[in-house]
Amino acid sequence: MAQYKLIIPQFYYLRGPSIPCDLVLTGDHAFPLAMNKHGQVLLAASMYGLGRIVVLGHEAFLGTLTDFVGGAISWLKQGKSQNISVGVHVHSKHVAEKLHSKFQFKVMNDFSSNQGIGVYVTDAYCVESKAKDIIEFMKSGGGVLIAGQAWSWAEGHPKDNTLLQFMGNKVSGVAGVYFSRHTGDAECIPVYPKIPASWMSVLIGRDFEDDLDFLLQGISEFDLMNGVVASEILIHGPLAFPIGTTPDGRAFLAGAYYGQGRVVVISHEGLLKRETLAPFFTNALHWLDEGRQGVIGVVPELDQACKVFKNFGLNCEKTKLRKDLSVYVCTAYKGDQIEEIQEFVAEGGGLLLGGHAWHWAQCNKDKNYMTEFAGNKLLNKMGMTLLEKYITDGAYKPPIPSQALKDTYHFRHVLCKFAGHVTKGEELSKHEEEWLTKLSHDCTTYLHLDTSNNYNQILHTFTEIIKKAGLPQVNFNCPVKTPRDKCLLNVGTEVYKACQNKDELLPYLIKDNPLLPVIYNHRVSINVDTAGGEEWVSTGLYLSPGMKTYISIPASIVDKKWNVQIGCQMDNLMGANVLKRAPRVCERFPVSSEMMLVHNLWGGLIYLVAPPNTQVQGVEVVVQMAVPVPYYKSGDSSVQPPLPEFENIILTVPSEVIWCLDRPDELAALWDTITRAIADLAVIPHKFKRKERVVCDVQISHGWMHAGYPIMAHREPAQSIVNVEHIKSNPIWGFIHELGHNQQRGCWEFPPHTTECTCNLWSLYVHETVLGFPREQCHPAMSIEKRRSRTADYVKNGGNLKDWNTFVALETYVQLIEKFGWDSIKKVFAAYHTMNNVPKDNKGKMNLYCVTFSETVGMDLTGFFKAWAWPIEGDTEKKLSKLPTWSNHPMTEYK
């Protein structure tokens with residue numbers, strides 16, 4: 001920012017007869033200096049190599065903006081001696097005279113890099129013959145001031161590509177600043193302290209119809225069949241565009257202009273060797289070659305692709321990157337030549353790249369794949385990013401070039417349309433409204449990129465949208481349903497995270513934020529042994545929406561994969577049709593220093609998250625300021641009324657649910673008994689390795705409840721788990737069902753048949769043995785009539801294993817329990833604790849279970865399991881043949 005301030009006056013007087021052109025900025029270091037009310041950039045600057053460049057949207061500005069030109073030259077000198085000469089093109093003699101008389105610059109006619117000049121001033125029309133020399137001059141540290149407009153040239157060259165063929169772009173384009181064919185409105189533009197920004201400046205810099213006409217000639221479909229798993233490509237640059245997409249707008253094939261060169265990306269390298277795609281790659285390589293008929297270099301690991309290209313008559317050879325190549329073909333996985341490849345393309349080369357990011361992201365979950373994956377380090381500057389989201393195989397139709405911009409999703413296009421819709425009331429097309437959900441997803445993704453000037457323009461656009469529209473004040477009684485409001489809700493959350501001035505933005509986001517009583521410098525003792533996996537450590541503290549606090553962390557846990565977490569609601573609601581809360585309301589901050597600032601737009605309970613296999617005793621963290629919450633821990637009833645934390649389970653419920661909880665000790669005793677019974681059936685120690693967590697909230701991602709850490713449930717049933725009398729008189733089958741899910745083990749599970757079945761064993765066991773419910777009253781599905789009816793229907797319909805699931809499958813286990821008792825199931829589970837080399841397929845596991853149960857109870861159960869259509873093998877029957885047969889099992893009556 002300081003560099004920017006060196007070159008600006010108070011106003012840019014751009015009015016007059018000269019009509020400038022709109023400058024298109026793509027470079028990572030390119031930034032606008034003057035932007036009119038339409039978001040058009042009329043003056044810009046950038047850097048390339050060791051040097052700098054300033055670009056004016058009309059050559060007349062060299063004479064009319066004298067003070068600016070003088071300041072720009074000082075900035076371009078980069079602090080070099082005043083004795084460094086300024087070279088001025090012979091067409092700009094009037095500029096040379098002003099520079100000498102007003103600023104005492106030492107001026108030389110024209111350009112010669114070996115004459116000791118530090119800055120070169122020229123118009124945009126006479127640089128083509130010297131372009132390479134000027135670029136080398138800039139790359140080695142020289143400064144370039146270039147001025148011109150391309151709209152009149154474009155009118156005289158309607159079939160030519162302005163971005164690549166207009167003379168000035170052969171110099172400025174390498175630094176990511178292009179003279180465009182579009183005129184700009186000249187105004188008297190005030191200069192602001194910050195780099196100017198506007199949502200209108202995120203427009204796409206070209207319609208790409210001509211490019212797509214060339215690339216898609218003769219292409220009827222893209223073959224991604226036969227198990228291909230490609231990454232989705234986020235296309236975010238103003239000169240990047242989709243070529244191949246799925247019907248819902250996810251790109252797997254994209255192109256871009258970068259500097260003086262071009263790029264094509266296919267998001268799986270295996271597709272480069274596919275002969276069905278060879279006609280497209282032939283087109284793409286010719287497009288990248290730009291008629292030079294040069295050598296196409298292919299990295300050796302793409303040997304098969306090289307052979308395919310040669311079979312189609314292309315001049316290919318296996319080689320590493322060389323400067324004399326016309327096009328370079330490589331994968332996205334090597335990071336040793338990133339800057340060299342970027343320079344190769346910026347200075348006119350073509351790049352065809354293949355690769356995906358999803359596998360790297362899965363293997364490096366502790367890293368930001370968007371900025372650390374080698375392929376993205378290369379592509380981000382080119383306006384494209386490979387995502388961890390993947391595209392499954394299929395045959396996809398190419399876009400119609402003339403309709404592509406209107407009918408194909410492009411992040412920038414939809415963002416600009418949405419901004420116009422919110423800020424100016426412009427109507428959205430049906431396609432654009434449908435794309436708002438994807439825009440919302442892509443906003444979240446994009447804001448994980450490192451900052452750059454392009455990033456800042458887009459962040460500014462998001463911020464302006466939120467400031468204009470505000471955030472829907474969503475809650476249980478005021479749900480959000482429209483695509484517009486759902487997009488605003490998600491975008492607002494993400495913009496708050498990325499925004500530098502969160503306090504300024506907060507009033508636009510949270511309208512009703514009452515002050516709550518706080519405590520200061522609260523100490524929290526940390527004692528953990530995470531033998532059971534990652535564990536949340538409750539602090540008993542809360543941050544209200546937008547509230548920030550500092551946390552002092554002991555050095556012993558810094559950079560040890562600990563996290564601070566704000567919020568207990570981990571579910572993501574991005575796919576929900578109706579929202580009763582924001583899609584993401586939980587934030588995590590890696591513990592990377594001894595003093596941390598943490599916050600969350602939506603507030604939430606504060607936790608320390610301990611990594612697996614961690615033992616820590618007696619360390620303390622200090623929370624500077626937070627809101628105390630009602631909290632109860634078994635053996636410590638000092639805070640009333642409490643949120644309950646018991647021996648094996650922590651219940652997180654809305655505070656109003658427990659205002660009348662007078663005897664938390666009774667509730668603790670009951671839940672301790674329940675969780676010990678769960679341990680008994682699982683044949684594990686009564687004290688869990690990790691306490692279970694249950695969170696009841698306004699909206700969860702799926703179902704009425706779902707298992708996990710934590711178990712999630714809607715808020716309505718919260719009352720039923722904190723009321724002792726209710727638990728004893730009304731089944732809580734669903735909650736125990738989810739706790740049962742957390743006890744399921746793959747070695748004796750047969751998905752998908754038993755996924756929603758065996759967890760019910762814990763529901764049945766707890767209700768029968770702890771809560772005293774008769775079996776038929778534990779759940780409506782457990783009545784005698786319904787059990788018999790289900791079994792009869794199963795047999796009547798052929799007894800197919802595909803129908804053996806949920807309560808049908810549960811009947812198999814219940815019949816075993818009714819014959820052999822609960823102890824038999826416990827002994828079977830215990831046997832599995834010491835087993836090794838358990839089969840991974842259902843057939844093998846079902847035969848093993850038959851053997852295990854039979855040997856446990858001393859009876860051959862093969863006939864029983866076969867009656868339930870289990871795939872019992874001859875070897876299993878032979879192995880168990882010496883045991884007495886269970887001949888009168890319950891299924892005989894149905895046969």
Just jot down the side chain to side chain contact (heavy atoms under 4.5 Å, CB included) partners of [X], sequence neighbours excluded, or say none.
X: Pro890; result: Gln815, Phe864, Trp886
X: Ala395; result: Glu221, Met225
X: Ala682; result: Ile684, Gln743, Trp762
X: Asn723; result: Gln719, Glu725, His726

Side chains of [X] and [Y]: closer than 4.5 Å at any heavy-atom pair?
X: Ile727; Y: Leu667; result: yes
X: Ile649; Y: Ile674; result: no
X: Glu855; Y: Val851; result: yes
X: Pro628; Y: Tyr542; result: no

Check the pair Thr444 / Asn490 against side chain to side chain donor-acceptor pair (under 3.5 Å), numbers first and verdict last.
CA-CA 8 Å; Thr444 302; Asn490 188 59; 3.1 Å; yes

Listed partners of [X] passing salt bridge (charged side-chain N to carboxylate O under 4.0 Å, His left out), at least two apart:
X: Glu756; result: none
X: Glu716; result: none
X: Glu749; result: none
X: Glu620; result: Arg523

So which heavy atom on [X] is nearest to which on [Y], and how close?
X: Pro839; Y: Leu848; value: CD-CD2, 3.8 Å
X: Ser824; Y: Phe853; value: OG-CZ, 3.5 Å
X: Thr673; Y: Val770; value: CG2-CG1, 3.8 Å
X: Val722; Y: Val657; value: CG2-CG1, 3.5 Å
X: Trp671; Y: Ile721; value: NE1-O, 2.9 Å

Going by an N to O cut-off under 4.0 Å, is there a salt bridge joining [X] and [Y]?
X: Glu535; Y: Arg690; result: no
X: Arg790; Y: Glu785; result: no
X: Lys438; Y: Glu232; result: yes
X: Lys843; Y: Asp841; result: no
X: Glu647; Y: Arg676; result: yes

Is it the case that [X] and [Y] place a side-chain donor and acceptor less than 3.5 Å from each other?
X: Trp602; Y: Thr493; result: yes
X: Lys691; Y: Tyr709; result: no
X: Ser720; Y: Asn730; result: no
X: His359; Y: Gln362; result: no
X: Asp571; Y: His702; result: no
X: His686; Y: Asp680; result: yes

Enumerate the salt bridge (charged side-chain N to carboxylate O under 4.0 Å, His left out) contacts for residues 692-713, please, sequence neighbours excluded, ordered by first and then second residue.
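Listed once each, the pairs are Arg581-Asp697.
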
Per the salt bridge (charged side-chain N to carboxylate O under 4.0 Å, His left out) rule, what does the pair list look like for residues 728-740, sequence neighbours excluded?
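Passing the test, one end in residues 728-740: no pairs.
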
For Glu811, which of Arg787, Arg775, Lys786 qualifies under salt bridge (Lys or Arg N to Asp or Glu O under 4.0 Å)?
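Per the salt bridge (Lys or Arg N to Asp or Glu O under 4.0 Å) rule, the option paired with Glu811 is Arg787, out of Arg787, Arg775, Lys786.
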
For the side chain of Tyr369 and the backbone of Glu388, is there at least one donor-acceptor N/O pair under 3.5 Å apart?
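Flag set: sc Tyr369 to bb Glu388 pair under 3.5 Å.
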
Could you check whether the rings of Trp536 and Tyr607 sit parallel, tilted or perpendicular, using 30° and 60° as the cut-offs?
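Trp536 vs Tyr607 ring planes: tilted.
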
Donor-acceptor list for residues 870-884 side chains, cut-off 3.5 Å, not counting sequence neighbours:
residue: Thr876; atom: OG1; partner: Asn847; partner atom: OD1; Å: 2.6
residue: Glu877; atom: OE2; partner: Lys866; partner atom: NZ; Å: 3.0
residue: Ser881; atom: OG; partner: Lys878; partner atom: O; Å: 2.8

By side-chain hydrogen bond (donor to acceptor under 3.5 Å, both in side chains), which residues pair with Asn760, not counting sequence neighbours?
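Asn760 satisfies side-chain hydrogen bond (donor to acceptor under 3.5 Å, both in side chains) with Trp733, His737 only.
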
What distance separates Thr791 OG1 from Tyr894 OH, expressed to the nearest 0.5 Å?
4.5 Å

